[in-house]
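Start at 1 and go down the list; that is how both ligands and their atoms are numbered.
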Amino acid sequence: MPPHQPRGAGDSLGPAHYVFDMPRFAALVRRAAPLLRLAGGCSWAEGPVWFGDHGCLLWSDIPADRMLRWSEADGVSVFRQPSHFANGHARDRQGRLVSCEHGTRRVTRTEHDGTIRVLADAFEGKRLNSPNDVIVGPDGAVWFTDPTYGIDSDHEGHRAEPEYGGCHVFRIDPTTRRLAVVSDDFVRPNGLALSDDARLLYVVDTGGTHVENGPRHIRALTLDAAGQVVASRLFATIDVGFPDGIALDDAGRLWCSAGDGVQCFDPDGTRLGRILLPEAASNVCFGGARGNQLFVTASESLYKISLAVRGAAWK
Ligand code: MG
């Protein structure tokens, strides 16, 4: 169990610290809002996902092989252990949990009765690397990234060799359930987010962890109606640490984890500002009853901060 388990509203670290790259960032934040540390004691917190009907957040503590749960009413508890070194999660249109598992090198869905169903574990007959992060599109398509972080060592999974020879971005078709390659030209694809109309896919590349002067940026992929990539461009580069997890707000702005906390980008790629955190952040998601709470997994901790914007799902 985490040694630090505040219950209820959580420990306030005082007013959040913001950096305003652009004056208009001021309209997106609440200057007096406290930065709340909801949980600590994680080995590497990742993969936050909000369950509105349960009023709770689930997230991963990858090296500890467990998933944790937080709610205002109940505080912190263990949700699943072992978790097969689960990393990123999403929720589908039917409210089911979709998870990336490093340890089993697969993407799964937890059915309403608790049964765990495998959505993908191989590509062209070879094992996936270690699915990292996942989203579900409005049509039910499941999009996920497959870098090697979960097989590079025994820290976040089980050390093993890559089998298919790449680090792809994949899409599982909602009708045929077939796995298709979205992109094969990322060094280490990581967090991802999809626009409302499913025509713009943002994908983080954290290839700088493996390649000197490699990418630490976010790319924007333009999709056609069938989900095929028709164009790709650099969207933004993270200047402190690495980008990892991303989320869109109700105006299409992108919120991205970084070495210094969370960075916010306009749809045109301009950095608007940052929320500074005392630990390197790994992932973000919107939640709360009105969608204006930003949950951030960051190294050992889970943080929450109240914003003046809502997540895209609350549009
Ligand atoms: Mg990630």
Problem set entry | Asn132 near the Mg ion (ligand 1) via N/O/S, less than 2.8 Å | yes
Problem set entry | ring pair (Phe, Tyr, Trp, His ring centres under 6.0 Å) involving Tyr202 - partner list, sequence neighbours excluded | Phe235
Problem set entry | Under 2.8 Å: N/O/S of Asp133 next to the Mg ion (ligand 1) | no
Exercise. So, is Asn190 placed with an N/O/S atom under 2.8 Å from the Mg ion (ligand 1), counting both backbone and side chain?
Worked result: yes
Exercise. Can you name the side chain to side chain donor-acceptor pair (under 3.5 Å) partners of Ser232, sequence neighbours left out?
Worked result: Arg219
For this session: Taking the Mg ion (ligand 1) as the reference point, name the nearest N/O/S atom of Asp244.
Result: OD1
Exercise. In Glu46, which N, O or S atom comes closest to the Mg ion (ligand 1)?
Worked result: OE2
Exercise. Any ion pair linking Arg24 and Asp266 (charged N to carboxylate O, less than 4.0 Å)?
Worked result: yes
For this session: May I ask you to say whether Arg91 pairs ionically with Asp53, meaning some side-chain N is under 4.0 Å from a carboxylate O?
Result: yes
Seminar exercise, completed: CG of Asn132 to OG1 of Thr145, rounded to nearest 0.5 Å, is 4.5 Å
